[in-house]
Chemist: 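What follows is a single structure, and I will ask about it in a moment.
Note that the numbering runs from 1 along the sequence shown for the chain. Because the structure is predicted, anything quoted here is derived from the model rather than measured.
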Amino acid sequence: MNKLLYLFFVVFIGGCGSGSETEKYQKKRDNIIDVRNQVKEIVIEDVLIGRVARPFLIDNYLVIGDYTSNDKLIHIFNKKNFDYLTSVASVGQGPNEITNMGHIGIDEIHHKLYVSDHGKQKIFSYDIDSVVVDSFYTPKVKMKMNEGKFPDRYLYVNDSLCIGLIIEPIGSNNFKPSVAKWNMNTGEIVLMKYEHPNIKKKRISFTASIENGIYVECHNYHDLITICSLNGNLKYNIYGPNWSDEKSKTSYYREAVFCKDKILVSYSGEDTFSKDRIGGMKLNNPTKFLVFDLEGNYIKTLETGYQIYEYCYDRENNRIIMILDDEIQIAYLDLDEIID
């Protein structure tokens, strides 16, 4: 009788637990590695880059979007040695100028940059190889964007499939972000079906991998990472030590990238704003990278000691290229001896 009762509990508990495989609670993340001394400055002398910038990679080029520039908004460098090559995308209201630059989409196959202009509600196409050799290069209009729902950041696969973060304005002071499949040819947007049921005001960053068949949502003000299939089916919710379904003043995750078979996420864990030395408000950027496997299992924390504004992953050279809000502005971190 005891044996039968034991078998009953094994089967019953195992059956009940199968649904909870998607919910992972991580109470400790204490494998911390100090990598500050391994962060290497990238010295750029030929062009000034503003504080609000974002790096992108395409083929042999490092592309930096300079969002506060009063002249050219995009600077292009040699990816291997960081030599400056040229700048493009003038600020202005003219037909070939950008009024309010958003995301820079990367088309690796055709060597194109797709530059969103949220002022003109258009996406412009730049041939990267032509830009480098022709100082008078003018872009073409790739498509017009919908003002009601429009892409913020996205992974370009082809003209009929992008996976991105779609923004839907709500009233005059609010918006709803959703991960979706987006067709550049038709403008069709198909929202992914999974959303965490307990998050009332969603603010996320996003990354996707065709190779690994998943996308990742990183919540900015909740200690939560969600991993889904590219069909929008939930695979894992990863709850950190400070998880709560209430929106916090604490900043948690900023951006995520895929590093081969790992997920790298910038992480703060500090109040979003603090007072500076003269009593003003200072934005606290992440200083850490959390490293997870593709199932969301925590591996380690990389403490850079620098305020990380934006970054991208250079797969060819296995390194992170970072825009910093710190004593150095642009830097890289080799991952060969840090992440297996």
Chemist: Quick one: pull up CG in Leu161 and CD1 in Ile210 and give me the separation to the nearest 0.5 Å.
Modeler: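 Answer for the CG-CD1 pair, Leu161 versus Ile210, is 6.0 Å.
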Chemist: Is a side-chain donor or acceptor of Ser266 paired with a backbone partner of Glu255 at a separation under 3.5 angstrom?
Modeler: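 Checking the backbone N and O of Glu255 against the side chain of Ser266, a donor-acceptor pair under 3.5 Å is found.
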Chemist: Could you measure the distance from the OG atom of Ser125 to the NZ atom of Lys112? Nearest 0.5 Å is fine.
Modeler: 4.5 Å
Chemist: State whether the side chain of Glu23 and the backbone N or O of Asn237 hold a donor-acceptor pair below 3.5 Å, judged by distance alone.
Modeler: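 No: the side chain of Glu23 does not pair with the backbone of Asn237.
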Chemist: Is any side-chain N of the basic residue among Arg254 and Glu310 closer than 4.0 Å to the acidic one's carboxylate O?
Modeler: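 No.
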Chemist: Can you give each donor-acceptor pair under 3.5 Å made by side-chain atoms of residues 315-322, sequence neighbours left out, with the distance rounded to 0.1 Å?
Modeler:
residue, atom, partner, partner atom, Å
Glu316, OE1, Lys79, NZ, 2.7
Glu316, OE2, Lys80, NZ, 3.0
Asn317, ND2, Asp314, OD2, 2.8
Asn318, OD1, Tyr313, OH, 2.7
Asn318, ND2, Asp336, OD1, 2.8
Arg319, NE, Asp314, OD2, 3.2
Arg319, NH2, Lys79, O, 2.8

Chemist: Checking Asp223 side chain against Asn242 main chain: does a donor-acceptor pair fall under 3.5 Å?
Modeler: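 Yes, because the side chain of Asp223 sits within donor-acceptor range (under 3.5 Å) of the backbone of Asn242.
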Chemist: Classify the ring geometry of Tyr267 against Tyr252: parallel below 30°, tilted from 30° to 60°, perpendicular beyond 60°.
Modeler: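 Tyr267 vs Tyr252 ring planes: tilted.
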Chemist: For the side chain of Arg29 and the backbone of Tyr298, is there at least one donor-acceptor N/O pair under 3.5 Å apart?
Modeler: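 No: the side chain of Arg29 does not pair with the backbone of Tyr298.
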Chemist: Is the centre of the Tyr156 ring less than 6.0 Å from the centre of the Tyr114 ring?
Modeler: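 Between Tyr156 and Tyr114, the centre distance is under 6.0 Å.
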Chemist: Enumerate, atom names and distances included, each donor-acceptor pair closer than 3.5 Å involving a side-chain atom of residues 43-60, sequence neighbours excluded.
Modeler:
residue, atom, partner, partner atom, Å
Arg51, NH2, Asp325, OD1, 2.9
Arg51, NH2, Asp325, OD2, 3.0
Arg54, NH1, His103, ND1, 3.1

Chemist: Taking the ring centre of each residue, are His219 and Tyr253 less than 6.0 Å apart?
Modeler: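 When the ring centroids of His219 and Tyr253 are compared, they turn out to be at least 6.0 Å apart.
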Chemist: For Thr207 and Ala256, work out which heavy atoms get closest and say how close.
Modeler: CB-O, 3.3 Å
Chemist: So Asn220 and Ser205, side chain to side chain contact (heavy atoms under 4.5 Å, CB included) or not? Walk me through it.
Modeler: CA-CA 7 Å; Asn220 303 150; Ser205 56; 4.2 Å; yes
Chemist: Side chain to side chain contact (heavy atoms under 4.5 Å, CB included) for Ile76 and Tyr126? Distances and angles first, verdict last.
Modeler: CA-CA 12 Å; Ile76 302 172; Tyr126 293 78; over 6 Å; no
Chemist: Under 6.0 Å between ring centres, would you say that holds for Phe82 and Phe77?
Modeler: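 No; Phe77 has its ring centre 6.0 Å or more from that of Phe82.
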Chemist: Give the ring-plane orientation class for Trp243 versus His222, where under 30° counts as parallel, over 60° as perpendicular and anything between as tilted.
Modeler: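 Answer is tilted, since the angle falls between 30° and 60°.
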